[in-house]
Amino acid sequence: MRTPANPAPRLRPNPAAPPVPPAGERARAAVDFVLAALGLVPAVPLIVLCAAAVRLTSRGPAVYAQERVGRGGAVFTLYKIRTMYHDCERLTGPQWSAPGDARVTPVGRVLRKLHLDELPQLFNVLRGEMALVGPRPERPEIVARLREVVVGYDRRHAVRPGITGFAQIHLPPDTCVRSVRNKLVYDLFYLRTRSWQMDLCILAATGLKALGLKKLYHRAPRVPTE
């Protein structure tokens, strides 16, 4: 889905977004905080090495900040290691990345394949804006349009967005509205059935996927329909 070059109006929290159930959320946030803090011990050296590789091979900042939509429709700033050429959306505006996207740098392709570009989001977890597991956050400009064409899209904003998620370990990145609808089915299935055990399985599957071992866990799941 392409968006026009003119920026969309700043997204405001949607009053129709489902309320966040308080039970267990504080405990989840506390566990995420501890795990993210522990994860940053080995992650920080990797972030520094990846950032250096990006700065040495392409113009622009190594780590960039981007607005995303979080719990309850609130907008927050997400951090990632830059994998695309600097200012590549200046003429097109926000748009999804397609397979073989020419905007991705050679180093960026490696970082994306290994999911190392996502490591700075551990800081978002420490700030309470994200969880380790949950629906992936999208940009406000794109969310504003998806709300109009995907029924029930805001239901995925009932919880904190995650660095990884049930939809992410099974499906490829979004490229069109149809792929968003497919992922929404998985996101809603996760929201209905999520548990500590399920989160641990998703984290383990994420590690296998990053190592190219997706076949060890990927199989047709029980039909995750509404």
| field | Test side-chain contact (heavy atoms from CB on, under 4.5 Å) applied to Pro161 and Arg68, Gln121, Met130, the passing residue | value |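 That would be Met130; it is the only one of Arg68, Gln121, Met130 passing the side-chain contact (heavy atoms from CB on, under 4.5 Å) with Pro161.
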| With respect to Cys50, which candidate in Val63, Val110, Leu116 satisfies the side-chain contact (heavy atoms from CB on, under 4.5 Å) definition? |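 Single side-chain contact (heavy atoms from CB on, under 4.5 Å) partner of Cys50 among Val63, Val110, Leu116: Leu116.
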Atom of [X], atom of [Y] and distance for their closest heavy-atom approach:
| X | Y | answer |
| --- | --- | --- |
| Asp154 | Arg147 | OD2-NE, 2.7 Å |
| Leu122 | Ala43 | CD1-CB, 3.8 Å |
| Pro61 | Val54 | O-CG1, 4.3 Å |
| Phe33 | Val125 | N-CG1, 4.4 Å |
| Met84 | Arg112 | CE-NH2, 3.2 Å |
| Ser179 | Asp174 | OG-CA, 3.4 Å |

Going only through I, L, V, M, F, W and Y residues with side-chain contacts under 4.5 Å, is there a path from [X] to [Y]?
| X | Y | value |
| --- | --- | --- |
| Leu46 | Leu38 | no |
| Val149 | Leu184 | yes |
| Val133 | Met198 | yes |
| Leu200 | Leu132 | no |
| Val177 | Ile142 | yes |

| task | Decide if atom CZ of Arg178 counts as having more than 12 heavy atoms of other residues, nucleotides or ligands within a radius under 6.0 Å. | result |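 No, because the 6.0 Å sphere around CZ of Arg178 holds 12 heavy atoms or fewer from other groups.
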| message | Within the 3.5 Å criterion, strictly below it, is a donor on Tyr190 or Asp199 matched to an acceptor on the partner's side chain? | response | yes
Is the backbone of [Y] close enough, under 3.5 Å, to the side chain of [X] for a donor and an acceptor to pair up by distance?
| X | Y | value |
| --- | --- | --- |
| Arg127 | Phe123 | no |
| Arg55 | Ala62 | no |
| Lys209 | Gln168 | yes |
| Thr105 | Thr83 | yes |

Side chains of [X] and [Y] in contact at under 4.5 Å (non-hydrogen atoms):
| X | Y | answer |
| --- | --- | --- |
| His157 | Val143 | yes |
| His115 | Thr206 | no |
| Val34 | Val31 | no |
| Leu78 | Pro137 | yes |
| Ser58 | His86 | no |
| Arg160 | Arg28 | yes |

Between [atom1] on residue [X] and [atom2] on residue [Y], distance to nearest 0.5 Å:
| X | Y | atom1 | atom2 | answer |
| --- | --- | --- | --- | --- |
| Tyr79 | Leu119 | OH | CG | 16.0 Å |
| Asp117 | Tyr64 | CG | OH | 7.5 Å |
| Lys80 | Ile163 | NZ | CD1 | 11.0 Å |
| Leu171 | Tyr186 | CG | OH | 5.0 Å |
| Leu35 | Leu40 | CG | CG | 11.0 Å |
| Tyr153 | Leu146 | OH | CG | 5.0 Å |

| field | Which residues share a side-chain contact (heavy atoms from CB on, under 4.5 Å) with Ala53, sequence neighbours left out | value |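 Ala53: side-chain contact (heavy atoms from CB on, under 4.5 Å) contacts with Val107.
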| query | Which class fits the ring pair Phe189 and Phe166: parallel under 30°, tilted 30 to 60°, perpendicular over 60°? | reply |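 Judged by the thresholds at 30° and 60°, the geometry between Phe189 and Phe166 is tilted.
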| field | Lys/Arg N to Asp/Glu carboxylate O, Arg156 vs Glu138, below 4.0 Å | value | no
